[in-house]
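Data block below; observations after.
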Amino acid sequence: MDLLRVGNMSYCPANATICNVTSCLMPPDNFNQILNTVLTTSITILLALVMFSLGCSVEFKKFWGHIRWPWGIIVGFLCQFGIMPVAGFVLALVFSVHPIQAIVILIMGCCPGGTGSNILSYWVDGDMDLSLSMTTCSTIFALGMMPLCLFLYTKKWVDSSAIIIPYDSIGISLVTLVVPVGIGIFVNYKWPKQAKIILKVGSVTGFILIITVAVVGGVLYKAAWIIDPKLWIVGTIFPAIGFTMGFLLASLANLSWQRCRTVSLETGMQNTQLCSTIVQLSFTPEQLGLIFTFPLIYSIFQILIAILFVIGKFTSNSFFALFLKPIQRLLY
């Protein structure tokens, strides 16, 4: 930076590391990095508490029943690692995006389901036992399916070995899901009355947390919002495709209306935080300028669409009632 001037005098700031007669070198500003770390840690802790509260809605016998007879989980698996990667691949081709942008779209499509789907499944009267078992299984399956899907679909644009899969982040996601939910199931078994109170508080907190994360993310990375308009369009369409196709496949699999809603949310709501981590590990700062905001765009629009589902619980003018339910009736 240039020297600071006071009257006719020039001088370097006290924290300058190198100073000459014309300019000085300042240490890197780590404020955003520190803020991001604090926010990530805080959100992880809060999310673990929310997942504990949602676990209080689960009966172990029903949860274990989905594991033993995993028809709903299989349908979710086909949606998560079948439909979503293909949808990402097709969108990248249709919109003729930059190769780097195509990769980030595919990374998003190959991610497992996010925990936000569990919170919203509760609010739309979904099958919580199925929702939590699907999220758990998709996170475990992601350890193998993400590398496989990225290998299959990214070959057109890049060597898949250049994409770094953060297995530690996947592991952390799994721990923050399984452990709190397990404790919640135990609490529901031992103290069912107290579990209902915890569930009510946690579900409201979780809904507020989802909105807060979207708003804070938008403000924190406001400088990165100027990106290719094509990514805005894809970020809007992609989650809608996931919600719709998940619902249709669940309907074709003859799942109940409650479980169709659950599979729809599990398919459309991806683990955007994991996608952001992969993007930051795999690309240079120059490349990040083209793609960094896409996971946040996807996150915001998946939340907006999911909020329509929540509104649909209280009014008939919803995405489900106006669009998905008539389709289900036509299928039968």
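S121 has its side chain out of reach of D127: every pair of non-hydrogen atoms, C-beta onward, lies at least 4.5 Å apart. Inter-residue side-chain proximity for Y298 and I105 is flagged as unmet; no heavy-atom pair is nearer than 4.5 Å. Residues L106 and P85 fail the side-chain proximity criterion, which asks for heavy atoms closer than 4.5 Å. Annotation: side chain of Q273 is not in contact with side chain of S276 (no heavy-atom distance under 4.5 Å). A heavy-atom distance below 4.5 Å is not found between the side chains of F243 and F238. Looking at heavy atoms from C-beta onward, I67 lies in side-chain contact with S133 at the 4.5 angstrom threshold. Side-chain contact between L132 and H66 is absent, with no heavy atoms from C-beta onward closer than 4.5 Å. The shortest distance between side-chain heavy atoms of I100 and V104 does not fall below 4.5 Å.
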### Message
side chain to side chain contact (heavy atoms under 4.5 Å, CB included) for L54 and V181? Distances and angles first, verdict last.
### Response
CA-CA 7 Å; L54 294 179; V181 168; 5.8 Å; no

### Query
Would V90 and I241 satisfy side chain to side chain contact (heavy atoms under 4.5 Å, CB included), going step by step from the backbone distance to the final call?
CA-CA 11 Å; V90 171; I241 291 174; over 6 Å; no

### Task
Run the numbers on V179 and M51 for side chain to side chain contact (heavy atoms under 4.5 Å, CB included), then give the verdict.
CA-CA 9 Å; V179 174; M51 297 313 296; over 6 Å; no

### Task
Test F283 against I103 for side chain to side chain contact (heavy atoms under 4.5 Å, CB included), laying out the working first.
CA-CA 10 Å; F283 299 105; I103 298 306; 3.6 Å; yes

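With hydrogens and angles disregarded, no donor-acceptor distance shorter than 3.5 Å links the side chain of S299 to the backbone of P295. Side chain of S96 to backbone of A92: no donor-acceptor contact under 3.5 angstrom is found. The backbone N or O of C260 lies less than 3.5 Å from no partner atom in the side chain of S264, so there is not a single donor-acceptor pair.
Using a 4.5 Å cut-off between side-chain heavy atoms of Ile, Leu, Val, Met, Phe, Trp and Tyr, with links allowed through other members, Y189 and I185 fall into different hydrophobic clusters. I119 and I198 fall into different hydrophobic clusters, where Ile, Leu, Val, Met, Phe, Trp and Tyr side chains are chained together by heavy-atom contacts under 4.5 Å. By the criterion of side-chain heavy atoms lying less than 4.5 angstrom apart, applied directly or through intervening Ile, Leu, Val, Met, Phe, Trp or Tyr residues, V86 is grouped together with F81 in one hydrophobic cluster. Side-chain heavy atoms closer than 4.5 Å link hydrophobic residues (I, L, V, M, F, W, Y) into clusters, and following such links, possibly through other members, connects V124 to L304. Note on I278: it clusters hydrophobically with L143, by side-chain heavy-atom contacts below 4.5 Å among ILVMFWY residues.
Smallest separation of non-hydrogen atoms from L255 and G72: CD1-CA, 4.4 Å. P147 and I165 make their closest contact through CG-CG1, 4.3 Å (heavy atoms, listed as atom of the first residue, atom of the second, distance). The two residues K156 and L93 make their nearest non-hydrogen contact at CE-CD2, 3.3 Å. Nearest approach of G242 to T267, heavy atoms of both residues: O-CG2, 3.3 Å. Taking all atoms of both residues into account, the shortest heavy-atom contact from M269 to I303 is CE-CG1, 4.5 Å. Across every non-hydrogen atom of A253 and V75, the tightest pair is CB-CG2, 3.6 Å.
Of the inter-residue distances, the one linking T139 atom OG1 with M145 atom CE reads 13.5 Å to the nearest 0.5 angstrom. Taken from CD1 in I107 to SG in C275, the straight-line distance is 5.5 Å, to the nearest 0.5 Å. Going from atom CD of Q302 over to atom CG of L265 covers 10.0 Å, rounded to the nearest 0.5 Å. Rounded to the nearest 0.5 Å, atoms CG (L78) and CE (M245) are 11.5 Å apart. Here the CE atom belonging to M84 is positioned 11.5 Å from the SG atom belonging to C149, to the nearest 0.5 angstrom. Separation of atoms CG (D129) and CZ (R259) is listed at 8.5 Å; rounding is to 0.5 Å.
Other residues, nucleotides and ligands place more than 12 heavy atoms under 6.0 Å from the OH atom of Y167.
E266 and S138 share no donor-acceptor pair across their side chains, judged by distance under 3.5 Å alone. A donor-acceptor pair shorter than 3.5 Å can be found between the side chains of N118 and T135.
Stacking of K155 on the aromatic ring of F151 is recorded, both the 6.0 Å distance cut-off and the 45° axial limit being met.
The ring of F89 has its center closer than 6.0 angstrom to the ring center of W157. For an aromatic pair to be called close, the ring centres must be under 6.0 Å apart, and F141 with F77 satisfies this. Aromatic pair F247/W257: centroids less than 6.0 angstrom apart.
Qualifying side chain to side chain contact (heavy atoms under 4.5 Å, CB included) partners for I233, counting only residues two or more places apart in sequence or in other chains: F95, I237.
Here V178 is tied into one hydrophobic group with I140, L174, each link being a pair of ILVMFWY side chains closer than 4.5 Å.
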